[in-house]
Participant: 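Once you've had a glance at the structure underneath, I'll fire off some questions.
If you're wondering where the values come from, they're calculated on a predicted model, not measured in any experiment.
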Amino acid sequence: YKNLIQDYLNLQVPSDWITTHQDLLNYFNNANKIYGSFAMCGTDPVKAYFGSQMFPDLIKEGQAAQSALQSEANLINAQ
């Protein structure tokens, strides 16, 4: 996720895509934190526990991001 975040930070987007772009960056950043907490479960089980508590919100955030991307794609296809 770190590389993906960096790639997206360097990506220029049209002004009408800025909100969607920011939402995707937030999603990738949150996913990086949560999955990183899972990777540390052997050395920091409390962090992994809190990551697991945040995971359902991450799923919802991912679904919202996917929906926003689909809406943007539909607008492009309608033109």
Participant: Tell me which pairs pass side chain to side chain donor-acceptor pair (under 3.5 Å) where either residue lies in residues 28-56, with sequence neighbours left out.
Facilitator: N30-E61
Participant: About how many Å separate CG of L9 and CG of L4, when rounded to the nearest 0.5 Å?
Facilitator: 10.0 Å
Participant: To the nearest 0.5 Å, tell me how far H21 NE2 sits from N26 CG.
Facilitator: 10.0 Å
Participant: So, the side chain of S71 versus the backbone of S67: is there a donor-acceptor pair under 3.5 Å, distance only?
Facilitator: yes
Participant: Using a 6.0 Å cut-off, check whether atom CZ of F50 has over 12 heavy atoms from anything other than its own residue.
Facilitator: no
Participant: Report the distance from atom CG of N74 to atom CG of L69, rounding to the nearest 0.5 Å.
Facilitator: 11.0 Å
Participant: Could you give the distance from CG (D7) to CG (N3), rounded to the nearest 0.5 Å?
Facilitator: 6.5 Å
Participant: Quick check: closest heavy atoms across G51 and I34, and the distance to 0.1 Å?
Facilitator: O-CG2, 3.6 Å
Participant: Would Y1 and M40 show up in the same hydrophobic cluster when neighbours are defined by side-chain heavy atoms closer than 4.5 Å?
Facilitator: no
Participant: Minimum heavy-atom separation for A31 and L58, please, with both atom names.
Facilitator: N-CD1, 3.6 Å
Participant: List for me each residue that meets side-chain contact (heavy atoms from CB on, under 4.5 Å) alongside L75, sequence neighbours excluded, and say none if there are none.
Facilitator: E72
Participant: For residues Y27 and I5, determine if any side-chain heavy atom of one lies less than 4.5 Å from a side-chain heavy atom of the other.
Facilitator: no
Participant: Rounded to the nearest 0.5 Å, what separates atom CE in M54 from atom CD1 in I59?
Facilitator: 12.0 Å
